[in-house]
Amino acid sequence: MMRLALRTLRYRKSGFLATFVAVVFGTAIVMACGGLMETGIRSNVEPQRLAAAPLVVTGNQSHLRPGTEDATPLPERAGVPITLLPKIRSIQGVTSAIGDYTFTAITPPAATGGGAGAGGGAAGAGGAGAAGTGGTTGGAGAAETGGTTGGAGAAGTGGTTGGAGAAETGGAAGAAGTTGGAGAAETGGAAGAAGAAGGAGTAGTGGGGAAGGDGGGAGGVPVVAEGHNWSSAGLAPYRLSSGGAPRSGQVVVSSGKVGQQLTFLINGEPRTFTVSGLAQGPEGHAFFSDSDAANLVRNPGRFADIGVQVAPGTDLDAVRKRLQQLGDLTVTTGVDRGLAEHPDAESHRTALIAIAGSFGGIATMTMMFVVASTLALAAQHREREFALLRGIGTTPGQVRRMILGEALLVSLPAVVLGCLPGIFLGRFLFDQLGAHGVASPVVEFSQGWIPFAAGAGAAVLAAIGAALIAARKTAKIRPVEALAEASLQRRWFSWIRLFFGLAALGGGLALLIVTATVMSGPLAASTAGPSVLCWAIGVALLGPFWTKAVLAFWRWPIQALTRVNGRLAIRNLSARSVALSAAVVPVMLAVGISTANLYMQTTQVHASAEAFTRDLRADAVLVSDAGLSSKLAQQVRAVPGVASASSYVRSMGAVDDPRNAPWDEDGAPVVGVDAQGADGTAPVRLTAGSLKGLTGLTAAVPESMASKTGRGVGSDITMTLGDGTTVKLRVVATFAAERGYETIMLPATLVAAHTTDGLTRQLLVRAAPGADVRPALAKLAAAHPGVQVADRSALVATNVEDLQTQAWVNYMLVGMLIAYTAVSVVNTLVSTTLRRRREFALQRLTGSTRFQVLRMLTTESTLITLIGITLGTAVALACLLPFSSKVSGSAIPTGPAWIYLAIAGAAAVLTFGSTLVPATAALRHSPAQPSPTD
């Protein structure tokens, strides 16, 4: 039968072309997702600054809340208490241990090029103005030193996507390290300082952060993102090429001139040091004396990490186990040491695995559906051929083996061909995710043999399964059916199909009820998203029923407009409801799934922005990647016309007590502001208490939390902050908050002290009624290097930046799936049209002109488009209506109308093109001379 299958393929290439294309693209997509999954699981970050330490000790970056099983990730660097350093040195097998202080140290524009090119200033060398937020686009306009550009930096939102980037200075790629751009510490949503260059800043006003100007390279001064104590230089190791070790007031950098004066922005204050030496090693780091580093770091009681040296031949696993017994520590070896330099890579790891898993699963299901539909359609069009084979003595088993052989002969070469684009697609997706802050740019992309096996295996299994399903029905054809017309209406109903169709619709209804009654805020997406798949599958399985119902609605207006051609088209479709359903279902899937997913994102982004801006009272925002000092805050408050000014810091935490607080294992958003009165800038609407007492260990909580837990004003709550520090807080105020968007408000100094770099990057300013304070603020910012002034829109954009990133990911992935589903749409309609060549010839022989046949097909295409869009819209609305009502309070989804129009237009173009183009080609032949395949 394999020989017969080969001969069949020779003469029916067009019938199997769609299956071949579907397997090629399906293999590529699954392979690409497998590569993303492997990259997320491995999270290989090559160590650079800690490369000489075989063991690296860091703090535990997760916290287990009392009474829970799932740990809450800590977005800020936990660090290692300095009191553990002597204990680590005393561990058997340890020869030495070096503690590492890490803090942000950025050179201001005036220092770049010794002032020769200071004209760049805060304007930056290009900035990320297109994004308006610095955010995911990073700071392409970072300072250029010696013709090199700073790192691309991704926006840090919620402390999980803080940008590290790779700072390139002098052409060498240098890791931006753990605090370049705040890494996990940048929980204020500010743009991560892109390596050494400083990114676009939170304002996104075009400035390269603190390092913005194009400077010029007169002095060849490096742009630095991180400062460290000189003792930790041996962990790279760094070797002095000239000069000597730094003393108090001195610094060692990787390039420049010994004796040169360098000014750094540290903790928002400019500090000048003398270059004592030049060291060869990873770029983007400056080393200060141990005493200076201890004074400059925000929390001298904790090292960022501790590098451990062992004697040659020592069992690293044994030493690692002994070190872990010292406390709540993480000890890494090998390539995992790079995660100590870039802790934000660990937080990106979970997101990358989740995206790869969800998209890979959906892509696999879509591939199986498309491959199955193409093979089933090809088998259906050959029913007369199979019946004739049965009539000459072919057994059902032989027919099944022939169909299976055809599927293997088509899928195996397609799998081999699909491996090539799969390699490039995986790398492309990873680069795009890294550029938009979803994946860490310092992680090495990995795509070994496992993704290849997964992609090839999924494609071959999909082809085999689809062939077996198609052969099951085809092999049962009776020989007498060879005398029947293959295009006659056939019975589609079966109890199995009815059962699964009703089960899918029931699942969609259940998820709709849960979304509408139980879920709230962004959590509604967790049930609304799967519901659209249930609705789509249910409608697809019962397609002929739904198609007839919608056709009954559209038939009268179409018939009134098209008259004779419309009546003929409607009768054709009514008599061929099964074939009509096969053409409508792919259109419904494309319209329904894409509309639901895209408008879920636009609705959620809009609702989040509305929830934030509803109580936002700031008129301007001061931002700096190098941090804003308390002295600057006092100067801003003294500006005439300023009614109030407050620091603004964002992070994440975990509520340990009470246990029934309205947050899950992902943690509770934390906002830090200064104590203020009724005219303050805090974006909240108080319902009890006052923010005047928001100092020390105090908190303001949402009113919904207070009523649910009974912890109102005067009560105590226990929280674990972003770096793992547990604090007991007194509630001083409650405020109204939208469900699903609740935050906890703490003093800004408390929140900043427990972030990775301890910096305050945003200062909210509220002007007095009728006052214009922007000119005065701009003048004040000009006197402070790296400080920029932005309006409130920058703050809003920063707040929804994480959601915008998620939306972009969904747009990209949904777009790929829709393009893949289009293969099924085109294949179904082209095959169905070509199958009707005998019918077209008969119409021509009875007097119909070619133009009349095309007009009839145009009417049919119009009906197929309308029915597919109608069903797809109904599927999308079944998901969107409850979701939108819970997220935004309105049942009407929010988003531009052009998205829906573009989806409908694309569906129409595919439908009309896939029908009229092959029909035009078929009608060129003489009706009296049918082709051999007829």
Side-chain angles (χ1 to χ4, degrees), residues 43 45 56-81 84 100 102-103 156-164 177-179 181-190 192 297-299 301-306 324 326-332 336 338-354 440 649-657 659 661 663-672 699 717-729 743-744 746 750-759 802:
S43 291
V45 181
V56 177
V57 181
T58 60
N60 188 4
Q61 292 299 136
S62 63
H63 168 70
L64 187 62
R65 295 176 298 156
T68 61
E69 298 180 355
D70 298 324
T72 298
L74 299 177
E76 318 295 350
R77 187 196 296 274
V80 183
L84 289 181
D100 169 40
T102 299
F103 51 92
T157 303
T160 57
T161 58
T178 52
T179 59
E186 178 37 44
T187 54
V297 72
R298 283 287 191 174
N299 188 359
R302 285 180 175 266
F303 290 120
D305 47 68
I306 296 178
Q324 289 177 333
L326 295 178
D328 195 16
L329 302 174
T330 299
V331 183
T332 56
D336 291 336
L339 295 175
E341 298 183 33
H342 306 279
D344 62 304
E346 184 67 24
S347 61
H348 288 95
R349 176 181 187 176
T350 304
L352 186 59
I353 292 175
S440 175
V649 187
R650 301 192 67 180
S651 183
M652 295 288 291
V655 180
D656 298 326
D657 182 48
R659 297 186 182 183
W663 291 284
D664 57 16
E665 66 275 3
D666 291 333
V670 174
V671 174
I717 63 173
T718 302
M719 283 194 66
T720 296
L721 301 180
D723 64 347
T725 303
T726 301
V727 292
K728 189 174 184 179
L729 306 168
T743 61
I744 293 181
L746 305 179
L750 177 63
V751 178
H754 295 281
T755 57
T756 298
D757 55 13
L759 299 180
D802 196 30

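Quantities reported herein were computed from a predicted structural model and do not represent experimental measurements.
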Residue list, side chain to side chain donor-acceptor pair (under 3.5 Å) with R298, at least two apart or on another chain: N267

Test side chain to side chain donor-acceptor pair (under 3.5 Å) applied to D657 - qualifying residues, sequence neighbours left out: R711

Donor + acceptor pair across side chains of H754, N299 (<3.5 Å): no

Exercise: do E76 and S651 side chains pair donor with acceptor under 3.5 Å: yes

First locate atom [atom1] of [X], then atom [atom2] of [Y], and finally report the distance between them rounded to the nearest 0.5 Å.
{"X": "I306", "Y": "L84", "atom1": "CD1", "atom2": "CG", "answer": "6.5 Å"}
{"X": "M652", "Y": "T755", "atom1": "CE", "atom2": "OG1", "answer": "14.5 Å"}
{"X": "D328", "Y": "N60", "atom1": "CG", "atom2": "CG", "answer": "4.0 Å"}
{"X": "D100", "Y": "T58", "atom1": "CG", "atom2": "OG1", "answer": "11.5 Å"}
{"X": "M719", "Y": "T725", "atom1": "CE", "atom2": "OG1", "answer": "11.5 Å"}
{"X": "T743", "Y": "W663", "atom1": "OG1", "atom2": "CH2", "answer": "7.5 Å"}

Verdict with supporting geometry, Q324 and L329, side chain to side chain contact (heavy atoms under 4.5 Å, CB included): CA-CA 6 Å; Q324 289 177 333; L329 302 174; 5.6 Å; no

Could you tell me which non-hydrogen atom of [X] sits nearest to which non-hydrogen atom of [Y], and how far apart they are?
{"X": "L746", "Y": "A699", "result": "CD2-CB, 3.4 Å"}
{"X": "G59", "Y": "V80", "result": "N-CG2, 3.8 Å"}
{"X": "Q61", "Y": "A78", "result": "OE1-N, 2.8 Å"}
{"X": "V655", "Y": "A661", "result": "CG1-CB, 3.8 Å"}
{"X": "G79", "Y": "R302", "result": "O-NH1, 3.3 Å"}
{"X": "A668", "Y": "I744", "result": "CB-CD1, 4.4 Å"}

Side chain to side chain contact (heavy atoms under 4.5 Å, CB included) between T726 and T718, worked out: CA-CA 7 Å; T726 301; T718 302; 3.7 Å; yes

Chi angles and distances behind the side-chain hydrogen bond (donor to acceptor under 3.5 Å, both in side chains) call for D656, T720: CA-CA 7 Å; D656 298 326; T720 296; 2.6 Å; yes

Trace of the side chain to side chain contact (heavy atoms under 4.5 Å, CB included) decision for V57 with T330: CA-CA 6 Å; V57 181; T330 299; over 6 Å; no

Residue pair V297 / T102, side-chain heavy-atom distance below 4.5 Å: no

L750 vs L729 side-chain heavy atoms within contact, under 4.5 Å: yes

Contacts of type salt bridge (Lys or Arg N to Asp or Glu O under 4.0 Å), residue D723, not counting sequence neighbours: none

Pair T68-D70, side-chain hydrogen bond (donor to acceptor under 3.5 Å, both in side chains): steps then yes or no: CA-CA 6 Å; T68 61; D70 298 324; over 6 Å; no

T72 side chain vs E665 backbone, donor-acceptor pair below 3.5 Å: yes

